[in-house]
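The structure appears right after this line, and notes come after that.
Computed from a predicted structure; not experimentally measured. All residue numbers in this chain count up from 1 along the given sequence.
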Amino acid sequence: MPRTPAADTAAVRAARREFAALLGEFRRTAVLLPLGADDCPLVSDLGGVRWLYAFSDEAALARFALARGEGDRAWPYRRVLGAGLLDAVVPAAGVPCGVALDVGSAGHEVLYPPVAGIVPDAAAVDTDTNGERPQ
């Protein structure tokens with residue numbers, strides 16, 4: 001059965017609601033922020049965006065460590081609210097920055113990109129320097 005524009009619109013609305021629920025839960029939840037050198041958050045740069053790694057629990061962090069072949073070392077981390085990452089750490093990065101949650105946990109990964117509605121407008125890549133969305 002072919003999809004209709006109305007069905008596509010309903011599917012998009014449903015996906016947006018689902019993502020908004022995920023985002024809300026992430027903002028209210030304490031996550032693990034692994035630390036690299038000099039106690040700085042562990043990050044990866046890809047496609048012009050800096051991604052902060054965050055994990056929902058120690059098991060998810062352990063899966064990430066094993067996937068990197070680094071499961072035999074200690075992984076220092078800080079516990080921080082997702083809202084703190086999105087509202088304070090991301091803007092402080094000084095470059096386009098998002099959060100990659102549970103990387104290495106197949107089927108459970110979520111990306112929170114640096115766009116309006118997820119990060120503060122001043123840190124969003126889809127707004128101008130005044131935090132306004134281009135028309």
Side-chain angles (χ1 to χ4, degrees):
M1 179 175 196
R3 294 187 64 109
T4 65
D8 287 342
T9 301
V12 168
R13 282 195 306 265
R16 285 183 177 164
R17 281 192 304 272
E18 183 179 331
F19 185 78
L22 279 173
L23 177 60
E25 183 66 22
F26 177 74
R27 293 183 67 77
R28 292 184 298 275
T29 301
V31 295
L32 309 182
L33 182 66
L35 304 174
D38 300 324
D39 285 335
C40 292
L42 188 64
V43 300
S44 180
D45 292 324
L46 181 65
V49 176
R50 177 158 297 156
W51 294 97
L52 293 163
Y53 290 114
F55 299 91
S56 56
D57 55 31
E58 289 178 345
L61 177 55
R63 285 188 293 274
F64 174 75
L66 290 170
R68 289 174 57 113
E70 299 180 54
D72 58 345
R73 72 172 182 89
W75 281 77
Y77 62 83
R78 286 197 182 111
R79 232 177 252 284
V80 60
L81 282 178
L85 283 178
L86 296 174
D87 297 342
V89 178
V90 164
V95 297
C97 184
V99 176
L101 179 67
D102 290 343
V103 172
S105 295
H108 299 282
E109 308 94 335
V110 180
L111 295 178
Y112 296 101
V115 297
I118 296 177
V119 301
D121 286 349
V125 296
D126 60 340
T127 60
D128 66 17
T129 57
N130 297 320
E132 301 288 326
R133 289 187 188 201
Q135 297 299 328

Stepwise side-chain contact (heavy atoms from CB on, under 4.5 Å) test for W75 and F64: CA-CA 11 Å; W75 281 77; F64 174 75; 3.9 Å; yes

Please report the shortest heavy-atom distance between [X] and [Y], naming the atom on each side.
| X | Y | answer |
| --- | --- | --- |
| F19 | I118 | CE2-CD1, 3.6 Å |
| V115 | D126 | CA-OD1, 3.4 Å |
| A116 | A124 | N-CB, 3.3 Å |
| P114 | A123 | CB-O, 4.0 Å |
| R50 | A93 | NH1-O, 4.5 Å |
| Y77 | P34 | CB-CA, 3.8 Å |

Is the shortest heavy-atom distance from the side chain of V49 to the side chain of P113 under 4.5 Å?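 No, every pair of side-chain atoms sits at 4.5 Å or beyond.
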
For a 4.5 angstrom cut-off between non-hydrogen side-chain atoms, does V119 reach P91?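 They are not in side-chain contact.
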
Hey, quick one: are [X] and [Y] part of the same hydrophobic cluster, counting side-chain heavy atoms closer than 4.5 Å, chains of contacts allowed?
| X | Y | value |
| --- | --- | --- |
| L22 | V80 | yes |
| Y53 | L85 | no |
| V31 | V99 | yes |
| L33 | L42 | no |

Report the C-alpha separation of D102 and V110 in whole Å, then their side-chain angles, then the decisive distance to 0.1 Å, and conclude whether the side-chain contact (heavy atoms from CB on, under 4.5 Å) test is met. CA-CA 7 Å; D102 290 343; V110 180; over 6 Å; no

Using side-chain contact (heavy atoms from CB on, under 4.5 Å) as the criterion, list what pairs up with A62, not counting sequence neighbours.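 With sequence neighbours excluded, A62 shows a side-chain contact (heavy atoms from CB on, under 4.5 Å) to no residue whatsoever.
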
Which word best sums up how the rings of Y112 and F26 line up, parallel for under 30°, tilted for 30 to 60°, or perpendicular for over 60°?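 Aromatic pair Y112/F26 classed parallel.
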
Let's go through L81 and R28 carefully: what are the C-alpha distance in whole Å and the side-chain angles of both, what is the deciding distance for side-chain contact (heavy atoms from CB on, under 4.5 Å) to 0.1 Å, and is it a yes or a no? CA-CA 6 Å; L81 282 178; R28 292 184 298 275; 6.0 Å; no

Does [X], at its [atom1] atom, have more than 12 non-hydrogen atoms belonging to other residues, nucleotides or ligands within less than 6.0 Å?
| X | atom1 | result |
| --- | --- | --- |
| R16 | CZ | no |
| R73 | CZ | yes |
| E18 | CD | no |

Begin from the C-alpha positions of L23 and L86 and carry the test side-chain contact (heavy atoms from CB on, under 4.5 Å) through to its verdict. CA-CA 10 Å; L23 177 60; L86 296 174; 3.7 Å; yes

From [X] [atom1] over to [Y] [atom2], what is the distance, rounded to the nearest 0.5 angstrom?
| X | Y | atom1 | atom2 | answer |
| --- | --- | --- | --- | --- |
| R79 | D57 | CZ | CG | 9.0 Å |
| L52 | L101 | CG | CG | 11.5 Å |
| W51 | D45 | CH2 | CG | 11.0 Å |

N/O donor-acceptor pair under 3.5 Å between D38 side chain and C40 backbone: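 A pair under 3.5 Å: no.
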
